[in-house]
Enquirer: 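My structure is below; once you've seen it, I'll send some questions.
Read the numbers this way: they start at 1 and go in the same order the structure lists the ligands and their atoms. Numbering starts at 1 and runs along the sequence shown.
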Amino acid sequence: MAETLNPYHLIGQDQTRRYWESLISSGRFGHAHILSGHSGVGKDAMALTIATTLNCKAEKNKPCGECSACRQMQNFEHPALNLIFALPRRSPSQTDPFAGIKDGEMILINEELGKKVKWPYYHLQIDGANDIRIAAIRKLRKDIYLAHDTGSIRIVIILRAHRMNVEAANALLKILEEPPEGTVFLLTTEFPDRLPDTIRSRCAMHHIPDLSWKLIRDDLVEKKGVDAVQAEISARMAMGDLAAAHTYAEQDNTFWLDRIRATLNTLAREDFVSVHKQTLLLKDKDLENDESRQQFLSLLILFFRDVALDIKPGETALWVAQVQQMQKLFPSCDNHGAIKAIERTKDALARKVHLQLAITSLFFELRKHLRGQKPQD
Ligand SMILES: [Zn+2]
């Protein structure tokens, strides 16, 4: 694949692509595979590339990206493609995963799929879609035994396969135990450990490695025209997640740098009243939605990591100056403790705890970490 075209715009992963290329051409390509790796490294893009390679009609240099099979795969319209993902539960139907979903909601789901067609790194965002249920697997079972064009290999891609509930996983296991001829299963997941052992033992496991922040930075600069400083901060904040980096790059990181400076200065020097004021200010003005909260906290984690590891990235002079100032002001800062505290808050906010309480308690904890004190439990 490495010499062939790259219709899914995979970033990096040259070794992974060569590995799959040799696996496919070896003729010993198994029928079930799990592609694991962190969020945003390109697992889905890789699975789609494999699916397209297996069905491409070109003589060589597959996937060509131009034949009818390649184009249909890229548009998720290939008759031999079954794409499975979590859907909201709108009806107790055991056989139709779309039962009870209203037209308006269906339009939104199709829009999400459209974004994934355009850019396979995109994370589908479907309201209430928490798990993959048995209806999806029963429907799949029906589909895969239907006759289809014998010239193609049926491909089942299960996105975020760890979201299968127990019933669905059991139903899938039955299919994997007696796999139909000419069908390939590709399961992508960030959490392979959450899949039952019985499923894992039926699949070949493949790990997709992390993307370096430099690759992500270059992608932001070249494809999105993001300026170098903004691209660097976004890429490093995303910790290997290309999709997250693209989201971060749309926000003004300089603005967040400013907020971090103000916050840490307040935490460092001022009395409790000022800390409380800073909390209210952030809560009411800057942290009004989930995305901005996660962004602020991710940036804060990156900041403490850089202080701890004494990292001086290339382009971000403003950031470097701030890191150095922190190191001078708080030589005994417990950076590790600070990072843990921020990670806990991120997690709590994702579970919708009370915003002001969460931020206030984080700030008071950070205050102690800055001085190198261990907070009392
Ligand atoms: Zn092709």
Enquirer: Name the residue from Tyr121, Trp119, Tyr122 that meets the ring pair (Phe, Tyr, Trp, His ring centres under 6.0 Å) definition with His246.
Expert: Trp119

Enquirer: Do any protein N, O or S atoms sit under 2.8 Å from the Zn ion (ligand 1), and which ones are they?
Expert: Cys56 SG, Cys64 SG, Cys67 SG, Cys70 SG

Enquirer: What I want to find out is whether Lys223 reaches Asp218 closely enough, with some N-O distance under 4.0 Å, to be called a salt bridge.
Expert: no

Enquirer: Under a 4.0 Å threshold between the charged nitrogen and the carboxylate oxygen, would Arg71 count as salt-bridged to Glu66?
Expert: no

Enquirer: Does a side chain donor of either Lys57 or Ser68 reach within less than 3.5 Å of an acceptor in the other side chain?
Expert: no

Enquirer: Please identify each residue that fulfils salt bridge (charged side-chain N to carboxylate O under 4.0 Å, His left out) with Glu111, with sequence neighbours left out.
Expert: none

Enquirer: Tell me whether the centres of the aromatic rings in Tyr19 and His206 are closer together than 6.0 Å.
Expert: yes

